[in-house]
Novice: 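Starting off with a structure, shown below.
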Amino acid sequence: MNQMDIVNLLIPHDRKMPAKMEGHGYAPSNIALAKYWGKRNKTLNLPITDSLSISLFDKGTSTSIEASPYTHDMVILNDREIDSDTLFAQRISHLLNLFRPDPSFYFKITTINNIPSAAGLASSASGFAALILALNDFFQWELDDKSLSILARLGSGSASRSLWHGFVEWHAGVSEDGMDSYAEKLPYQWPSLRLGILIISNREKNITSREGMNRSQQTSPFYSAWPTQVAQTMEKLHTAIKTKDIELLGSAAEQNALAMHATMLTSSPAFCYWQTETLSQIQKIWQIRNEGVPLYFTEDAGPNLKLLFTDEISDIVRSEFRDVEIIAPFHLS
Ligand code: 2P0
């Protein structure tokens, strides 16, 4: 099975031509509480484990799509045209290859991202999810949520989780074609839940998460423990979300993130996304928690931290971390 086979299975044959002049889509960024780290199929981005995320509501990507006036794809990110040689533009064109009405048709993609990219914050999740939503609008595919999630996954695994607000679970699935590997919104609200974005550095990372997860999977002796770790995290997160238990949610998410980073440190060659400041801030969080404040963190494939807490301690978080950006994921939902 290749990506084109999946597209042919999902998209109706009579919906291969654009149905409008422009298509639009918005997708929020998402932060995994149980991480996706390792694949059972690299072509289709099929994961080894389930994962569970929380979306960042109004932090995300808005994308418009139309026909390109040139004989190449155009990608305009935050008002700047991206060079077609960059990995970013190539990954987008690679996905667009699956949907061209004919080989001489090129797309113009205009995208606005209001989160710092390439710092382990945005990853590519909201970008590919917004692109699939814009394509769905442009071609009027009228696909269901499951199909949209599968198509977004072909662009980037974590994009499968970026189509909804709130808590989202991505089922790893077991089938070879990945038709059972898609994400779903969980039916729980937690209005007092907060995420704090603590930027340590916006510099581009040396090792992409794609490369990092492959290396961990292939070389870390700790990787064999990872699937069990995720299964335990998932169980704890489900209970925590149902009962609104921040201690359980925070401790499960924090341990899961540290276990993921442990597979990186024990890879060969070893690699690490932390900076000195990352560790200082982690020690500060632990110190605050030792004083009885329920504050936790998670960290992705980058040096930045995401604080996990509830609104009761927002004032403490603001006074301890001057530059923190606090997000209310259930703001209006
Ligand atoms: C996650 N990350 O669950 C984990 C935690 C990074 C650390 O999903 O190869 O960019 O495109 O499927 O989706 C980042 O991986 O990787 C990611 P591909 P992706 O959020």
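In listed order, ligands and their atoms are each counted from 1.
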Novice: Any side-chain hydrogen bond (donor to acceptor under 3.5 Å, both in side chains) involving residues 37-49? Give me the pairs, sequence neighbours left out, ordered by first then second residue.
Specialist: W37-S216, W37-T263, K39-N45
Novice: Give the numbers and elements of all ligand 1 atoms closer than 4.0 Å to a heavy atom of G157.
Specialist: 11 (O), 12 (O), 13 (O), 18 (P)
Novice: Is it the case that ligand 1 has an N or O less than 3.5 angstrom from some N or O of Y36?
Specialist: yes
Novice: Any salt bridge between E142 and R15, counting N to O under 4.0 Å?
Specialist: yes
Novice: If you measure every N or O of R210 against every N or O of ligand 1, does any of those distances drop under 3.5 Å?
Specialist: yes
Novice: Can you find an N/O atom of K35 closer than 3.5 Å to an N/O atom of ligand 1?
Specialist: no
Novice: Rounded to the nearest 0.5 Å, what separation is found between the CH2 atom of W274 and the CG atom of L279?
Specialist: 6.0 Å
Novice: With the threshold set at under 4.0 angstrom, would you say R91 reaches ligand 1 through any of its heavy atoms?
Specialist: yes
Novice: What atoms of ligand 1 come within less than 4.0 Å of a heavy atom belonging to A32?
Specialist: 1 (C), 3 (O), 20 (O)
Novice: Just jot down the ligand 1 atoms closer than 4.0 angstrom to any heavy atom of A301, in number order.
Specialist: 7 (C)
Novice: Using a strict threshold of under 4.0 Å (side-chain N to carboxylate O), is an ion pair present between K108 and D73?
Specialist: no
Novice: According to the interplanar angle, ranging from 0 to 90°, do the rings of F57 and H165 count as parallel (below 30°), tilted (30 to 60°) or perpendicular (above 60°)?
Specialist: tilted
Novice: Does N30 reach ligand 1 with a nitrogen or oxygen that is under 3.5 Å from one of the ligand's nitrogen or oxygen atoms?
Specialist: no
Novice: What's the shortest heavy-atom distance between P227 and I48, and which atoms?
Specialist: CG-CG2, 4.0 Å
Novice: Considering the heavy atoms of S124, write down every atom of ligand 1 situated less than 4.0 Å from one of them.
Specialist: 10 (O)
